Amino acid sequence: MLPASPSPRMLLRRRLALALPTLATAAATAWLAALTIGRPDGVLEGLVLGLFCLVMTWQAYIAWQYIYGAVAAGLGRRVMSTVEREAGRVPATASGRSRTALLVAIHAEDPVAVFAAIRVMARSLARTGDSRDIDIVVLSDTRDPAIAATEERELARALAWREQAGPGRPGLRYRRRPDNAGRKAGNIGEFCRGWGVAYDFMIVLDADSLMSGATMRRMIRLMEDNPRVGLIQTVSYAAGRDTLFARIQQFAVRLYAPLSIRALDTWQGPDGSYWGHNAILRVRAFAENAELPVLPGRPPMGGEILCHDTVEGALFRRAGWELHLLPEEGGTWEEMPTNLVDLLGRERRWCQGNLQHLGVIGLPGLTAGSRWHLAAGILSYLVSPLWVAFLGFGTAQAIASGDLGLLGYGLTGTGPAAHALAALTLTILAAPKLLSLGHVLARRERRRAFGGTRNLLASAALEQLLWVLLWPVLTLFNAGAVAATFAGRVVRWDTQVRDDRQVPWSEAVRLQADALLAGTLLTVALALAGDILLALWMAPVALGLLTSPVMSVLTSRADLGARARRRKLFLTIDDTAPAPELRDLAAARAGIEAAPSPHPETLAAASFPR
């Protein structure tokens, strides 16, 4: 059997092919910036120079990821892992060699929606043949008695459907814990220790996950055929929500993610990461090697690890198991926050969880790839306060000097160095989106997936306009989340709101008061400065902050999302050629199905002992 991963020497070359251009670009940017401003005139100008170099180093890394991904996409099979090449050949049928648990972890979710997706996945599995080698296992952490009662009612409906559907359907099991220690990771860990011995693999899903039976079958076959592989992670794309915000985000992820994910898979090799859901794992190996440590100290930086998946992946890899990514498998979806307010709430939780990884990244035995996965998550949040500081101090320096300086990326400077700096920084900032757009435009089938060239270009232009207004809000919010975490504020890990939800004006204004205050202060400062060029340059930032409640309310409207769809804006392949599972899920959630309750003993037999 061919090795599933490139050789260590080849892997080193691939990583250097990303790291060296990134560092060279960062160095060139710093050199040109220093030449443009000359010797810093005072502490403020020196601080702006330092902050500019730091934020542009991160942006250079992002830009080179997309360049790298575009090259890797062009090379095709020559840079694919053996696991990915095999994925296109293995049959989507049961082999009879293993047993798999399909784990659906829930906590006070909408039981109707959860079990509708479960029925859809069970039907999809049945289309691949006899599926009695798979058990769908619902692991509940719900504490609310009313929601728990609804879970059991929906379980009864799902069991009744299974009885009526006849033989060959996957099994269905349910367990609700008396406590939710360790949250989702603790629930899955208890399952592995208590009942995991009955299974070879587990496919881990979130409450909003959906996966086709064919994709599950191929993943199981790949695990059976590659005994050194401990985890295979798929890429789940957001789908199924209809607010304007959700539709724009679903479009943006479909458009911009493929090249960065291709780059990630190419350089990481077997040092993949675990994203917590829509992945298949070896049960026994995971249980023996991926137990989460409890960080020393008090929350938020100590205690239980909130963002557990990346840490579990790093520990799993440390034990010698290969972790792989399937960048283009398809047949796997999730949902996302349907409005800006809920997205910011999720960002606050993720910020604290990723900053906790500062206490994990130094653990002995981790591979270099795993350490970089942890570091990248940390840096993705730490860069926000750096951007806020750069914009704040850069504006102050521009007001004091009467020149945009580095705040304008060298556009207002004179001489070769300033011109080169402006060209380089604008290229760095524009490269990810332009390369992604070019990648789609290069192939007819890709353009068709987005509704055609005209609709794609119009949607991309509108998405970019919205991003210009949202970026200041997201950056300011994440900077505040970083500061709050280091100040000791503990985030509540509440149940996510997954349904289409229109944000009330009162909630938008209350929760985004900091953005309004920052926008007001910036506007006043620009007005007092009386510099028209500076005011025009910073206008998008000020406008984005001042209009953030308006954007939250308007983009949370489902009627505007429906109107955009009718005008063929923000379409994805899930709109133009929806998979059967997505159509089935829409029908199931519309309440078309009906099933009688099974006998009480059937419901009892489906439950694990508590």
Side-chain angles (χ1 to χ4, degrees), residues 14-37 48-75 252 255-264 266-267 376 379-380 383-384 386-387 390-391 394 398 403-442 456-457 460-472 474-475 533 536-541:
R14 291 184 180 186
R15 293 174 178 179
L16 290 176
L18 176 60
L20 293 181
T22 297
L23 294 174
T25 303
T29 304
W31 177 61
L32 290 172
L35 289 178
T36 298
I37 67 170
V48 172
L49 173 61
L51 289 168
F52 177 79
C53 294
L54 289 174
V55 297
M56 292 310 300
T57 297
W58 179 253
Q59 296 301 138
Y61 168 67
I62 294 174
W64 275 106
Q65 280 190 93
Y66 281 82
I67 298 170
Y68 192 101
V71 173
L75 292 173
L255 179 59
Y256 302 127
L259 289 186
S260 64
I261 291 172
R262 175 55 63 189
L264 175 64
T266 303
W267 73 253
L379 292 172
S380 67
V383 74
S384 290
L386 294 178
W387 266 112
F390 169 67
L391 292 174
D403 180 71
L404 287 181
L406 293 180
L407 184 68
Y409 307 135
L411 287 171
T412 59
T414 58
H419 296 159
L421 177 64
L424 182 57
T425 53
L426 292 179
T427 299
I428 289 171
L429 294 173
K433 295 201 171 185
L434 291 179
L435 285 170
S436 296
L437 192 58
H439 175 69
V440 173
L441 291 172
L456 169 65
L457 292 176
L462 290 172
E463 184 276 332
Q464 179 59 33
L465 177 62
L466 181 69
W467 176 245
V468 169
L469 296 176
L470 290 182
W471 181 84
L474 288 166
T475 303
L533 181 60
L536 290 173
W537 182 253
M538 294 301 294
V541 176

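Residues: numbered from 1 along the sequence shown. Quick caveat: nothing in here was measured; it's all calculated off a predicted structure. We use all heavy atoms of the structure for the numbers below, so side chains are in, but hydrogens, waters and symmetry mates are not.
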Does some side-chain heavy atom of Thr29 sit less than 4.5 Å from a side-chain heavy atom of Thr57?
no
Return the CG to CG distance between Leu469 and Leu465, rounded to the nearest 0.5 Å.
5.5 Å
First locate atom CE of Met538, then atom CG of Leu407, and finally report the distance between them rounded to the nearest 0.5 Å.
5.5 Å
Going from CG on Leu426 to OH on Tyr409, what distance comes out if it is rounded to the nearest 0.5 angstrom?
8.5 Å
If the plane angle is over 60° it's perpendicular, under 30° parallel, otherwise tilted; pick one for Trp387 and Phe390.
perpendicular
Heavy-atom side-chain proximity of Ser436 to Tyr66 below 4.5 angstrom
yes
Can you tell me how far CG of Leu16 sits from OG1 of Thr22, rounded to the nearest 0.5 angstrom?
11.0 Å
Short side-chain to backbone donor-acceptor contact, Arg262 and Ala72, under 3.5 Å
no
Heavy-atom count check: over 12 atoms from other residues, nucleotides or ligands less than 6.0 Å from Trp31 CH2?
no
Would a 4.5 Å heavy-atom cut-off, applied to side chains only, mark Leu18 and Thr266 as touching?
no
Report yes if the side chains of Leu437 and Leu456 come closer than 4.5 Å at any heavy-atom pair, otherwise no.
yes
Give me the atom names and distance for the closest heavy-atom approach of Ala73 to Leu259.
CB-CD2, 4.3 Å
Any side-chain heavy atom of Leu406 within less than 4.5 Å of one from Leu421?
yes
Spell out, as yes or no, whether a donor-acceptor pair under 3.5 Å connects the side chain of Tyr61 to the backbone of Ala26.
no
Measure the CG-CE distance between Leu54 and Met56 for me, rounded to the nearest 0.5 Å.
11.5 Å
Val440 side chain near Leu255 side chain, heavy-atom distance below 4.5 Å
yes
Measure the shortest side-chain to side-chain distance between Thr425 and Gln59 over non-hydrogen atoms and say whether it is less than 4.5 angstrom.
no
Hey, are the side chains of Trp467 and Leu474 touching, using non-hydrogen atoms and a 4.5 Å cut-off?
yes
Using atom types as modelled and distance alone, determine if a side-chain donor or acceptor of Trp267 lies under 3.5 Å from a backbone N or O of Tyr68.
no
Rounded to the nearest 0.5 angstrom, the CG-CG distance for Leu533 and Asp403 is 8.5 Å
Are any side-chain N or O atoms of Ser260 and backbone N or O atoms of Ala257, one a donor and one an acceptor, separated by less than 3.5 Å?
yes
Minimum heavy-atom separation for Ala60 to Thr25, with atom names?
CB-CG2, 3.9 Å
List the atom of Thr412, the atom of Gly405, and the distance in Å for their closest heavy-atom pair.
OG1-N, 4.2 Å
With salt bridge (charged side-chain N to carboxylate O under 4.0 Å, His left out) as the rule and sequence neighbours excluded, what pairs involving residues 422-434 come up?
Lys433-Glu463
